[in-house]
Protein chains: 2
Amino acid sequence: MQAKEPRAQFHRAPADERRLALIEACAATLARKGVHGTSVREICATAGVSPGLLRHYFSGIDELVADTYAAIGAQVQAALNDAVEAADPTPEARLIAYLTASFAPPIADADLLSTWLAFWSLTRTDAKIARLHDEIYAENRITLERLLDAHAPGSDHRLTAIALTALVDGLWLELSLGNAPFTPDEATALAARWLAALLPRI
Amino acid sequence: MQAKEPRAQFHRAPADERRLALIEACAATLARKGVHGTSVREICATAGVSPGLLRHYFSGIDELVADTYAAIGAQVQAALNDAVEAADPTPEARLIAYLTASFAPPIADADLLSTWLAFWSLTRTDAKIARLHDEIYAENRITLERLLDAHAPGSDHRLTAIALTALVDGLWLELSLGNAPFTPDEATALAARWLAALLPRI
DNA sequence: TCTCTTGTTATACAACCGTATAACAGGGAA
DNA sequence: TTCCCTGTTATACGGTTGTATAACAAGAGA
């Protein structure tokens with residue numbers, strides 16, 4: 001004699017709220033389970049929602065992943081901008097703040113890196129993710145070039161921005177990947193040193 | 001009336017050869033299809049072999065992926081060492097050769113990066129991959145420290161090695177990810193500049 | 001030429017995948 | 001309080017996943 005299970009209770013949420021919850025669950029799942037372990041069912045379980053609901057808000061899992069990349073990218077850029085605004089208002093302090101924010105929370109975060117790595121790897125497979133990657137990195141580069149121009153007006157900062165981004169990314173990567181044989185403070189000092197080498201005092 | 005298909009022809013290969021073929025097929029599949037698209041059947045199809053054979057040489061797909069990481073890691077390290085040996089025998093030339101080899105084939109390669117990104121992302125999920133990552137990066141760091149010590153004996157090169165590795169990794173990443181707004185030559189020049197800044201002439 | 005080992009294929013299996021569909025019920029509108 | 005819309009759940013489907021198993025045949029040894 002099998003008693004029929006009653007249908008689970010639920011509550012109706014505003015569309016924005018549900019979309020955000022699914023995006024956050026997607027990011028968390030990518031971080032904790034990797035690309036391989038991220039499925040519709042896993043994401044929806046994390047969001048505390050039945051699997052079918054995903055397709056009520058997104059055309060499919062690929063769209064959710066892309067939207068998640070866009071959201072996380074905007075979130076990182078916002079954290080970088082916050083660090084700049086919180087710094088002393090001199091051009092140099094703002095520049096240093098932008099560069100070294102990557103070595104402190106919320107950017108130096110193991111889960112964020114895991115999610116980011118998943119996106120990087122998808123870049124080679126998924127054309128939409130690749131396009132988002134280009135947009136996100138272009139915006140980051142433009143912001144950095146603007147800060148460089150405020151500090152040392154007039155010259156072309158394209159290569160300088162590339163050089164700084166590469167070092168910061170490399171340090172952030174090893175730092176957040178775990179077991180890195182250096183501290184955030186050392187990373188900060190290296191970034192400042194690289195900046196000084198690239199922009200010698202006139 | 002269905003004619004029974006005859007069983008496919010095959011030839012028996014030495015164990016080493018088959019293992020290598022499967023490892024190469026695994027790397028190629030990770031590069032072209034990503035983690036998501038890499039399955040037992042896909043790998044074996046690439047290797048031109050029936051799906052069951054994978055488990056004759058490896059305990060499962062996870063072991064094959066780990067062995068592939070080890071093989072690719074050794075291959076990269078060998079390419080770096082080759083570049084050093086091909087350089088002029090001065091300590092400085094050997095050091096520069098080691099650093100800039102990442103911006104030329106076979107290391108600056110889109111497929112290699114794709115595979116490498118897949119491994120990076122697995123680092124957070126798979127403990128065996130994480131251990132391999134630590135070993136590979138430790139060996140890379142030790143080699144670099146040795147080259148640094150030959151060039152500037154006596155001092156502690158731990159942080160210098162970290163700084164150089166981070167910049168080279170960051171440049172290699174953006175370069176191989178595609179659409180990078182800089183050339184391999186510019187990357188080489190930046191690496192040399194960073195080295196000069198870190199090791200000022202006495 | 002024949003035999004025997006074993007590398008290889010073929011097939012089966014349960015579990016999972018993303019998606020489609022229909023039944024249900026939460027909760028605002030009347 | 002009642003109604004009705006629709007956000008949500010439940011279930012089903014075909015396809016794919018990793019792995020287990022048995023049948024087969026390649027090719028070396030006798």
Side-chain angles (χ1 to χ4, degrees), chain A residues 2-26 29-30 32-68 118 122 125-126 128-129, chain B residues 2-26 29-30 32-68 118 122 125-126 128-129:
Chain A
Q2 195 84 326
K4 181 93 180 272
E5 294 273 328
R7 194 168 259 247
Q9 286 187 346
F10 63 92
H11 104 115
R12 290 161 187 262
D16 293 353
E17 193 177 298
R18 267 285 129 84
R19 281 184 61 90
L20 188 63
L22 284 167
I23 283 173
E24 283 173 352
C26 180
T29 306
L30 282 173
R32 289 200 274 267
K33 307 290 177 73
V35 175
H36 183 72
T38 297
S39 64
V40 172
R41 287 165 177 82
E42 191 72 36
I43 293 169
C44 289
T46 302
V49 132
S50 86
L53 195 60
L54 189 147
R55 288 201 17 102
H56 196 267
Y57 290 99
F58 302 89
S59 70
I61 192 176
D62 289 345
E63 184 179 289
L64 171 55
V65 169
D67 284 9
T68 302
L122 289 172
T125 303
D126 185 322
K128 195 171 179 185
I129 298 288
Chain B
Q2 195 83 328
K4 181 97 180 265
E5 293 275 328
R7 195 167 259 246
Q9 286 189 345
F10 62 94
H11 104 115
R12 291 160 188 261
D16 293 352
E17 192 177 299
R18 267 284 130 85
R19 281 183 61 90
L20 188 63
L22 284 167
I23 283 174
E24 283 173 352
C26 180
T29 307
L30 282 173
R32 289 200 274 267
K33 306 291 177 75
V35 175
H36 184 71
T38 297
S39 63
V40 172
R41 285 164 179 81
E42 192 72 36
I43 293 169
C44 289
T46 302
V49 132
S50 87
L53 195 60
L54 189 148
R55 289 203 15 104
H56 195 267
Y57 290 100
F58 302 90
S59 71
I61 191 174
D62 288 344
E63 184 178 289
L64 171 56
V65 170
D67 284 9
T68 302
L122 289 172
T125 302
D126 186 323
K128 195 171 179 187
I129 297 287

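The sequence lines fix the lettering, A, B, ..., with proteins before strands; numbering per chain opens at 1. Values below: every heavy atom of this structure, side chains too, minus hydrogens, waters and symmetry copies. Every value quoted in this text rests on a predicted model; they were computed, and no experiment measured them.
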- Nearest whole angstrom, please: distance from the P of C:dG26 to the CD of A:Q9. 6 Å

- Residue-phosphate contact under 4.0 Å: B:Y57 side-chain N/O, C:dT8 OP1/OP2: yes

- Value for CG (A:L53) from CZ (A:R18), rounded to nearest 0.5 Å, stands at 6.0 Å

- Message: Counting distance alone, no hydrogens or angles: does the base of D:dA28 have a donor or acceptor under 3.5 Å from a partner atom on the side chain of B:R12?
- Response: no

- Task: Calculate the interatomic distance between A:E63 atom CD and C:dG18 atom C1'; express it in whole Å.
- Result: 14 Å

- Item | Nearest-angstrom distance from the residue atom CG of A:L22 to C1' of D:dG7 | 12 Å

- Rounded to whole angstroms, how far apart are CZ on A:F58 and C1' on C:dG18? 16 Å

- Message: Which nucleotide wins on minimum distance to the side chain of A:H56, given the candidates C:dC17, C:dT19, D:dG7?
- Response: D:dG7

- Item | Value in whole Å for how far the P atom of C:dG7 lies from CZ of B:R18 | 11 Å

- Task: Working to the nearest 0.5 Å, report the span between OH of B:Y57 and CG of B:L22.
- Result: 8.0 Å

- CD/A:E24 to OG1/A:T68 distance, rounded to the nearest 0.5 angstrom? 9.5 Å

- Item | Residue-phosphate contact under 4.0 Å: B:S50 side-chain N/O, C:dA10 OP1/OP2 | no

- Taking OP1 and OP2 of C:dT19, is either one under 4.0 Å from a side-chain nitrogen or oxygen of A:R41? no

- Message: Both B:G37 and A:A13 contact DNA chain D. Taking the nearest nucleotide for each, which residue is further toward the 5' end?
- Response: A:A13

- Choose from C:dG27, D:dA10, C:dT9 the nucleotide whose nearest atom is closest to any side-chain atom of A:H11. C:dG27

- Message: With a 3.5 Å cut-off and heavy atoms only, can you find an N or O donor on one side and an acceptor on the other between the side chain of B:R55 and the base of D:dA20?
- Response: no

- Query: What's the CZ-C1' distance between A:F10 and D:dC5, to the nearest Å?
  - Reply: 12 Å

- Task: Calculate, to the nearest 0.5 Å, the distance between atoms CG and CG belonging to A:D67 and A:D62 respectively.
- Result: 11.0 Å

- Nucleotide of C:dT19, C:dG26, C:dA10 approaching B:R7 most closely (side-chain heavy atoms): C:dA10

- Message: If I take atom CG in residue A:L53 and atom P in nucleotide D:dT11, what distance separates them, rounded to the nearest angstrom?
- Response: 17 Å

- Message: Which heavy atom of B:A47 sits nearest to which heavy atom of B:A21, and what is that distance?
- Response: CB-O, 4.2 Å

- Taking atom C1' of D:dT17 as reference, at what distance in whole Å does atom CD1 of B:I43 sit? 12 Å

